[in-house]
Amino acid sequence: VVEDLERRLADTTEQLQHVLAEHRRAADEFEQVKVRMRREVAREVDRGRRAVLAEWLEVVDNLDRAIAAAQSASPADASGTLLRGVELVRDQFLAKLAAFGVERMAALGCPFDPTRHEAVSTAPADASQVGLVVAVAREGYTVGDDVLRAASVVVGAAHA
């Protein structure tokens with residue numbers, strides 16, 4: 001009986017050692033997978049960052065062209081040429097942002113919403129404009145339904 005119990009104990013100990021070795025191997029493999037996943041995620045983030053930066057380089061190129069056009073224009077035409085060039089570059093930049101899901105928020109004339117607007121001031125307004133955004137100091141932007149940056153606004157207030 002004792003020999004049988006010792007043999008069963010030895011078998012159980014051997015099985016336990018085997019299970020522990022398998023567990024260690026699985027844990028090591030899991031750690032290796034975690035490290036590999038972190039590296040892959042970092043590479044993907046870097047690729048995405050590079051793609052975004054490459055898109056913005058086109059905007060810089062067009063700013064350079066607008067400046068060069070304004071410098072080569074006659075003084076009478078320079079301000080109009082520069083203004084039009086900068087407007088085109090701004091429009092291109094907003095289009096690039098839109099391609100990444102970034103949109104400008106419509107704020108002017110909308111009811112003040114503290115989740116989308118940051119009130120920087122109030123201005124006297126007639127009764128129909130009380131509580132509405134009457135001026136935008138800095139545009140706000142969203143990504144999908146999330147606010148990327150709140151719009152800085154002036155809110156209409158009743159005359160004091």
Side-chain angles (χ1 to χ4, degrees), residues 20 22-160:
L20 286 173
E22 286 296 318
H23 175 70
R24 281 189 213 107
R25 274 194 291 275
D28 289 344
E29 187 176 322
F30 180 70
E31 286 302 316
Q32 290 172 2
V33 168
K34 280 182 14 183
V35 168
R36 193 175 331 119
M37 290 297 290
R38 282 188 192 120
R39 268 194 307 254
E40 289 175 16
V41 166
R43 269 190 238 130
E44 285 299 316
V45 167
D46 191 49
R47 268 190 222 118
R49 184 175 54 93
R50 288 172 188 266
V52 169
L53 294 174
E55 290 287 328
W56 290 356
L57 293 178
E58 292 180 38
V59 176
V60 172
D61 293 341
N62 285 330
L63 280 171
D64 290 340
R65 288 184 194 107
I67 291 168
Q71 289 172 339
S72 66
S74 68
D77 295 334
S79 65
T81 302
L82 180 62
L83 175 63
R84 183 66 189 136
V86 172
E87 286 173 342
L88 289 170
V89 173
R90 183 207 51 219
D91 293 344
Q92 179 192 21
F93 191 73
L94 289 172
K96 295 285 182 187
L97 288 174
F100 291 106
V102 177
E103 296 288 336
R104 251 187 193 176
M105 275 190 262
L108 192 60
C110 295
F112 175 75
D113 178 354
T115 64
R116 300 175 64 78
H117 307 129
E118 175 186 357
V120 293
S121 180
T122 59
D126 59 39
S128 66
Q129 290 185 319
V130 171
L132 298 181
V133 174
V134 295
V136 177
R138 186 179 74 176
E139 297 290 342
Y141 295 87
T142 60
V143 175
D145 292 334
D146 297 330
V147 174
L148 183 61
R149 181 179 81 186
S152 296
V153 299
V154 177
V155 181
H159 297 286

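What you find for Ala125 and Val130 is that their closest heavy atoms are O-CG2, 4.2 Å. Closest approach of Ala107 to Val136, counting heavy atoms only: CB-CG2, 4.0 Å. When all heavy atoms are compared, the tightest approach of Ala119 to Val155 is CB-CG2, 4.0 Å. In terms of heavy atoms, Phe112 sits closest to Val133 at CA-CG2, 4.3 Å. Nearest approach of Ser128 to Asp126, heavy atoms of both residues: OG-OD1, 2.7 Å. Minimum heavy-atom separation, Val120 to Ala137: CG2-CB, 4.2 Å.
Counting only residues at least two apart or on different chains, no salt bridge (Lys or Arg N to Asp or Glu O under 4.0 Å) pair has a member in residues 144-156.
Counting heavy atoms from C-beta on, the side chains of Arg38 and Val41 never come closer than 4.5 Å.
Atom CZ of Arg65 and atom CG of Leu88 lie 12.0 Å apart (nearest 0.5 Å). Between the CD atom in Glu58 and the CD atom in Gln92 there is a gap of 6.0 Å [rounded to 0.5 Å]. Remark: Asp113 CG to Glu118 CD distance equals 13.0 Å, nearest 0.5 Å. To the nearest 0.5 Å, atoms SG (Cys110) and CZ (Arg116) are separated by 8.5 Å.
With salt bridges taken as basic N to acidic carboxylate O contacts below 4.0 Å, none links Glu87 and Arg90. Salt-bridge formation is not detected for the pair Glu40/Arg43: no Lys NZ or Arg NE/NH1/NH2 atom is positioned less than 4.0 Å from an Asp or Glu carboxylate oxygen. At a threshold of 4.0 Å, the pair Asp46-Arg49 counts as salt-bridged, since one of the basic side-chain nitrogens sits closer than that to a carboxylate oxygen.
Paired with Lys96 under the rule side-chain contact (heavy atoms from CB on, under 4.5 Å), one option of Val102, Asp91, Val59 passes, and it is Val59.
Within a 6.0 Å radius of CD in Glu22, other residues, nucleotides and ligands contribute more than 12 heavy atoms.
A donor-acceptor contact shorter than 3.5 Å is absent between the side chain of Asp61 and the backbone of Asp64.
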Go through Leu97 and Arg104 one step at a time and tell me if the side chain to side chain contact (heavy atoms under 4.5 Å, CB included) criterion holds. CA-CA 9 Å; Leu97 288 174; Arg104 251 187 193 176; over 6 Å; no
